Every structure is written in C-alpha cells, then in structure tokens.
Amino acid sequence: MRKPGRSTLLMALDQRAEWPERDYMLARISDALELSNFLYLKANVDESESRDLELPPPITRPGEPESQPSQQPEFSDAQELTAFFGRLNSA
C-alpha cells in the first residue's frame with residue numbers, strides 16, 4: 001500500500017485504483033492479442049469452421065461494469081474489398 005498514487009482511502013472510493021497502471025496496460029495488451037488471434041483465425045479458417053468462433057471477452061477491470069456480449073463483427077465480401085482497394089489505387 002506504500003506505492004505513489006495509491007491509498008486505502010482511494011481504493012475504497014474508486015475501485016479502479018485497485019490495479020496499478022501496469023496491470024491496466026497488460027490487460028489492454030492481452031485483449032489486443034486475443035482480438036488479433038481471433039481476426040487471424042476468422043480470416044484464415046474455412047468459413048464453415050469459423051462460424052463457431054466467438055469474439056473473445058475483454059479482461060474485466062476493477063470498477064468497470066461487466067461487459068455486455070458484443071455483436072460479432074461483419075466482414076466485407078471480396079467485391080467490397082476490391083472496390084475499396086481500387087478506390088485507394090485510383091487516388
């Protein structure tokens with residue numbers, strides 16, 4: 001409890017003070033890696049197998065409400081991607 005910026009009173013008033021800044025950064029990095037792995041698998045696995053993949057839930061942080069299950073992201077089809085990259089090349 002003798003760390004700068006943290007005290008028992010502050011933790012009693014604000015639950016977010018229970019974690020040091022380092023733990024928040026690690027949780028964010030972990031969430032980003034899980035999302036990256038999810039998107040990689042979603043893009044590189046057969047569509048029939050990727051239907052069972054669910055978006056990974058973020059790590060619960062102290063003082064934050066439980067996250068609601070988010071909707072599955074919608075992916076563009078090949079025609080939309082071709083049109084998008086075609087606009088980029090023509091600019």
Side-chain angles (χ1 to χ4, degrees):
M1 302 312 301
R2 297 182 185 185
K3 296 181 181 177
R6 296 178 66 203
S7 67
T8 305
L9 176 62
L10 182 59
M11 285 192 290
L13 296 175
D14 187 1
Q15 290 179 341
R16 292 177 294 174
E18 291 179 14
W19 277 15
E21 198 66 31
R22 173 193 70 235
D23 291 349
Y24 280 101
M25 293 301 292
L26 288 172
R28 186 165 180 181
I29 290 168
S30 175
D31 290 343
L33 283 172
E34 287 186 12
L35 179 61
S36 175
N37 289 338
F38 168 78
L39 293 174
Y40 176 81
L41 288 173
K42 197 74 167 169
N44 293 300
V45 173
D46 186 24
E47 188 173 325
S48 62
E49 295 174 6
S50 69
R51 292 177 201 253
D52 298 335
L53 293 175
E54 293 183 10
L55 194 61
I59 293 175
T60 306
R61 281 108 167 134
E64 293 183 2
E66 291 291 324
S67 62
Q68 301 296 326
S70 59
Q71 297 176 345
Q72 292 289 335
E74 294 182 21
F75 295 99
S76 300
D77 62 6
Q79 292 175 344
E80 291 174 329
L81 287 174
T82 303
F84 174 77
F85 287 115
R87 287 192 304 265
L88 287 178
N89 287 335
S90 65

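Bear in mind that the values here come from a model prediction, so they are computed numbers and not experimental data. For reference, positions follow the sequence shown, starting with 1.
In terms of hydrophobic clustering, with Ile, Leu, Val, Met, Phe, Trp and Tyr side chains grouped at heavy-atom distances under 4.5 Å, Tyr24 and Leu26 are assigned to different clusters. Grouping the Ile, Leu, Val, Met, Phe, Trp and Tyr side chains by contacts below 4.5 angstrom, directly or via other members, places Tyr40 apart from Leu33. Leu39 and Leu55 fall within a single hydrophobic cluster, where Ile, Leu, Val, Met, Phe, Trp and Tyr are joined by side-chain heavy atoms under 4.5 Å apart, directly or via other members.
The line from CG of Leu35 to OG of Ser30 is 11.0 Å long, rounded to the nearest 0.5 Å. For the atom pair NZ of Lys42 and CG of Asn37, the computed distance is 14.5 Å after rounding to the nearest 0.5 Å. Here Asp52 contributes atom CG and Leu41 contributes atom CG; the two are 12.5 Å apart, rounded to the nearest 0.5 Å.
In this structure, the side chain of Glu80 engages the main chain of Asp77 through a donor-acceptor pair within 3.5 Å.
Residues Arg28 and Arg61 approach most closely at N-NH2, 3.2 Å, considering heavy atoms. Nearest heavy-atom pair across Glu34 and Pro57 is OE1-O, 3.8 Å.
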